[in-house]
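One structure below.
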Amino acid sequence: QVQLVESGGRLVQAGGSLRLSCVASGRTFIRYTMGWFRQAPEKEREFVAGISWSGGSTIYADSVKGRFTISRDNAKDTVYLQMNSLKPEDTAVYYCAASIDYSGSFVYSRLNEYAYWGQGTQVTVSS
């Protein structure tokens, strides 16, 4: 198993930037594809971005494309989400997720494709 801990969420003004981090521990020698999801109040959890273990493949939700960047540092067992040009509608709890991928090249976008989840970090964007 792998444990995930997110950090970096806070209150920020619209137009501002934040970088979220997710540190993995446990069986990190296994190749994991990583993703970020978010859940706003009274809404379903939705996909934000995903990255393959190699870092060579990334995918983004249309709502964040061009504003958010996912990256990872496998030496530090950490995945990042750089969020720029934040909007009030980006307000949500952001969750890090992981899924085993022995190939190292796949990236997933569906909720049920991820087996491991962090506790989440709150991002609030004020207008």
Side-chain angles (χ1 to χ4, degrees):
Q1 284 197 354
V2 64
Q3 293 78 43
L4 305 172
V5 178
E6 305 96 332
S7 64
R10 61 176 176 85
L11 173 65
V12 64
Q13 286 190 332
S17 297
L18 276 180
R19 188 176 81 157
L20 304 183
S21 300
C22 172
V23 179
S25 61
R27 300 179 68 191
T28 55
F29 54 88
I30 295 177
R31 295 179 176 182
Y32 291 94
T33 187
M34 302 293 293
W36 285 96
F37 289 75
R38 67 186 182 186
Q39 188 166 16
E42 301 181 357
K43 290 190 176 181
E44 293 186 351
R45 194 171 297 189
E46 65 176 3
F47 173 76
V48 175
I51 187 167
S52 61
W53 180 87
S54 68
S57 297
T58 57
I59 52 175
Y60 296 91
D62 287 343
S63 59
V64 306
K65 208 171 289 184
R67 299 188 298 124
F68 291 10
T69 302
I70 189 170
S71 62
R72 67 189 297 163
D73 184 342
N74 288 340
K76 296 182 179 179
D77 296 321
T78 303
V79 64
Y80 304 97
L81 185 67
Q82 178 67 43
M83 305 187 294
N84 299 328
S85 302
L86 282 162
K87 305 175 181 179
E89 51 263 44
D90 294 318
T91 295
V93 177
Y94 282 71
Y95 297 91
C96 175
S99 182
I100 295 175
D101 171 39
Y102 294 109
S103 77
S105 60
F106 286 111
V107 58
Y108 308 124
S109 63
R110 287 192 284 241
L111 206 75
N112 60 6
E113 290 175 316
Y114 287 88
Y116 305 102
W117 293 84
Q119 294 300 305
T121 185
Q122 176 70 48
V123 173
T124 304
V125 184
S126 63
S127 57

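In this text the structure is predicted, and so the values were computed from the model without any measurement. For this chain, numbers begin at 1 and follow the sequence in order.
- Contact detail for Ile59 and Ser109: the closest heavy-atom pair is CD1-CB, 3.6 Å.
- The two residues Ser103 and Arg31 make their nearest non-hydrogen contact at O-NH1, 3.3 Å.
- Remark: Arg67 CZ to Asp90 CG distance equals 4.0 Å, nearest 0.5 Å.
- At distances below 3.5 Å, at least one donor-acceptor pair connects side-chain atoms of Ser52 with backbone N or O atoms of Ser57.
- Distance check, rounded to the nearest 0.5 Å: CD of Gln3 to CZ of Arg27 gives 11.0 Å.
- Annotation: the span from Met34 atom CE to Asp77 atom CG amounts to 9.0 Å, rounded to 0.5 Å.
- Not one N or O on the side chain of Thr121 forms a donor-acceptor pair closer than 3.5 Å with the backbone of Glu6.
- Taken to the nearest 0.5 Å, the CG atom of Asn84 stands 8.5 Å off from the CZ atom of Phe68.
- Nearest approach of Thr58 to Ile51, heavy atoms of both residues: CG2-CG1, 3.7 Å.
- Side chain of Asp101 to main chain of Phe106: a donor-acceptor pair is present (N/O by atom type, distance under 3.5 Å, no hydrogens or angles).
- Taking every heavy atom of both residues into account, Pro88 and Ala14 meet most closely at CD-CB, 4.1 Å.
- When all heavy atoms of Leu11 and Ser126 are compared, the closest pair comes out as CD1-CB, 4.2 Å.
- At least one donor-acceptor pair under 3.5 Å links the side chain of Asn74 to the backbone N or O of Trp53.
- The cationic group of Arg45 does not satisfy the cation-pi geometry with Phe37, failing either the under 6.0 Å distance to the six-membered ring centre or the 45° limit from the ring axis.
- Counting non-hydrogen atoms of other residues, nucleotides and ligands closer than 6.0 Å to CD of Gln119 gives a total of 12 or fewer.
- Heavy-atom contacts from other residues, nucleotides or ligands closer than 6.0 Å to OH of Tyr116 number more than 12.
- Heavy-atom minimum distance, Leu20 versus Tyr94: CD1-CB, 3.6 Å.
- Within the 3.5 Å criterion, the main-chain N or O of Ile70 finds a donor-acceptor partner in the side chain of Tyr60.
- Ser21 OG to Gln82 CD: the interatomic distance, rounded to the nearest 0.5 Å, is 9.5 Å.
- Counting non-hydrogen atoms of other residues, nucleotides and ligands closer than 6.0 Å to NZ of Lys65 gives a total above 12.
- Side-chain atoms of Ser85 never come within 3.5 Å of backbone atoms of Gly15 as a donor-acceptor pair (strictly under, hydrogens ignored).
- Checked by atom type and distance alone, the side chain of Thr91 pairs as donor or acceptor with a backbone atom of Val125 at under 3.5 Å.
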